[in-house]
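The first residue of the sequence shown is numbered 1, and numbering continues consecutively from there. Whatever order the structure lists ligands and atoms in, that order sets their numbers, starting from 1.
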Amino acid sequence: MRDRITEVIISRLKEMTSEWGVELTPEQIDLPNPPDASMGDYAINLPMKLAKHARQAPIKIAERIAGLLSTETEWFSLVTVAPPGYVNLTLAESAIERMLSEAGHDIYASLKREGEPQMVVVDYSGVNISKQMHVGHLRSTIIGDVIARVLEARGENVIRQNHLGDWGLPIAMILWGTRPVLREIKARGGDLFEELPLSRLEDLYRKATTTYKENPEAREEIRRILVDLQAGDKELVDDWHTITRLSMEEVYRIYQILSVTLTEKDERGESFYRDMLADTVAALDDCGILVESEGAKCVFFEQFKARDGSPLPVMVQKSDGGFNYATFDLAAVRHCVDELEADRIIYVTDSRQALHFAQIFAVAEACGWTNPDNRHVQLDHVMFGAVLGEDGKPLKTRSGENVKLTDLLQEAVDRAYAVVNEKNPDLPEDYKQYVARAVGIGAVKYADLSHDRNNDYVFAWDRMLALTGNTAPYLQYAHARICSIFRKGGIAEESIEGPFAIRHPAERALALKLLELPEVAEAVEADLRPHILCNYLYELATVFSSFYDQCPVLTAESEEIRNSRLFLCRIVQSAMSTGLGLLGIEAPREM
Ligand code: ARG
């Protein structure tokens, strides 16, 4: 909506500003909301910016602008001036009606931006083979998935990447630890997926790490395995592949429960870059930034120092020739830029990796890898805080262990079932179970997404499952309520056509709110903060609820008013299900 209004303003004012040698750009017209809604819908602060060029007081310029814009009656019903030089605009109702009718029902399509799509890589989830996902992986998975969905809706070409921890010493350890078991099961023709679930792999891996520390003989064997695996030993590579599949089996089960869009074809684990590592180190050497320090190859940058002033190097090759976490990521940057032709690469991990990514970005920039043939590749680290228990400490079970994700999600569904059962006991049993899943999983995801990701947040069951407040169930409920209006009225949604006409302030407020959604998607794309979308949907639900309290729909005083209000309801329903869809949350039609 702001872009349309900006266009109108520019075309009306450009003659005036050219007198002063100023060429107006959309960026100069930011259209904040006035401090008080009674002053209008938007404010123009341009006069303050133009005063110098025009050699006039801002208030004088504001008066002239107001004069010009008040002739645009198709757009503005009221144009006023406020000191020291603001122009306040009130949109004409006909303009709101027109824009909303034009936007139509296809809310998803209205989110697409104009212009060439960007190629964007979103690196998220990044689970480690033979280890259960921890809460950090859960947050990365949930937040990354929303970012990928929003960017797709904006029209970008999105490449999802799951940077698995699937190579190097930890893998050698798990191979060493599982080899006898794998062989035995295979010999017997047993079912690997049955007998080696992730929890068992994790046990074997844990034991292997202890043995590695304590037993020099085993350590030698594990080192041997690592060398042979890296050299491509057929049997080891086969085992490695088997372990990866076994381990990912459980991960995909969780993705499915969470409605996360990652699939096997998005796997770009560390192993994917294994043959690019030596090259990457050589390229760093060519850049002239590689330093040898105690046998290891490192990059030192002035800006990365510990508190005590000691340098924090980026280590890319250990003294034994092995490569580091950073080397994989540097190889990945080069791959994304050169092979995938990425315009933007987004990494989603917890804030403990802030230094790691700051270093990767600095190295990539220093070597010019982010500026291939005059293109600039934007690198973003989307970081997030921790999940805390209600005691304010990192989330643990009562007995002090790390919370198992599957248990947590099951508890969410069970608790949601109780809520649904109480609210609507007459729903058919399988539908109740479907709603319980949608609400329970939605609540967990939404609790995460609705907080500014930079902050830690407290995981509180009662709050996230509440039917009021900024929660998934509240939004889902608003959506279901609209569906029930259509159901009660025996109205097929596709047949709702309007025309839409504003007759009540609550209708005007709701229509204006609806028109904001594309700007919200734009803001999420720019800032990579899903909570902006959550806040919007919460506001939309609130504005809808106040409309519905004041404006009867099915029992409206005339056919015309009823049709117009049904039209509004239909767009709210579509905006709500689209918005929840971008958050990867289901919107049941009945609750
Ligand atoms: N596997 C890593 C971890 O568990 C996360 C990977 C994140 N992505 C990346 N490109 N480094 O910490």
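Closest protein heavy atom to atom 8 (N) of ligand 1: Asp123 OD1, 3.1 Å. Looking only at protein heavy atoms, the nearest one to atom 12 (O) of ligand 1 is Gln353 NE2, 2.9 Å. The nearest heavy-atom contact from the protein to atom 2 (C) of ligand 1 is Gly126 O, 3.5 Å.
Using a 4.0 Å cutoff on heavy atoms, Tyr124 does not count as a contact of ligand 1. Residue contact annotation: Gln161 has no non-hydrogen atom under 4.0 Å from ligand 1.
A side-chain donor-acceptor contact under 3.5 Å links Gln410 and Asp414. Looking at Ser450 and Tyr538, their side chains never bring a donor and an acceptor atom within 3.5 Å of each other. In this model, a donor atom of one side chain and an acceptor atom of the other lie less than 3.5 Å apart for Glu586 and Tyr434.
Heavy-atom contacts of Phe357 reach the following atoms of ligand 1: 9 (C), 11 (N) (cutoff under 4.0 Å). The ligand atoms of ligand 1 that sit less than 4.0 angstrom from a heavy atom of His137 are 3 (C), 4 (O). The atoms of ligand 1 that sit less than 4.0 Å from any heavy atom of Thr349 are 7 (C).
Ring planes of His451 and Tyr457: parallel class, angle under 30° (limits at 30 and 60°). Phe361 and Phe357 have tilted rings, their planes meeting at an angle from 30° to 60° on a 0 to 90° scale.
With ring centers used as reference points, His163 lies 6.0 Å or more from Phe328. Taking the six-membered ring for Trp, Phe323 and Tyr273 have ring centres at least 6.0 Å apart.
With Tyr124 as the partner, the side chain to side chain donor-acceptor pair (under 3.5 Å) test is satisfied by one option alone out of Asp145, Asn162, Thr349, Thr141: Asp145.
Considering backbone and side-chain N/O of Tyr325, one or more are found under 3.5 Å from N/O of ligand 1. Of the N or O atoms in Asn128, one or more lie within a sub-3.5 Å distance of an N or O in ligand 1.
Here Leu164 has no heavy atoms under 4.0 Å from ligand 1, in either its backbone or its side chain.
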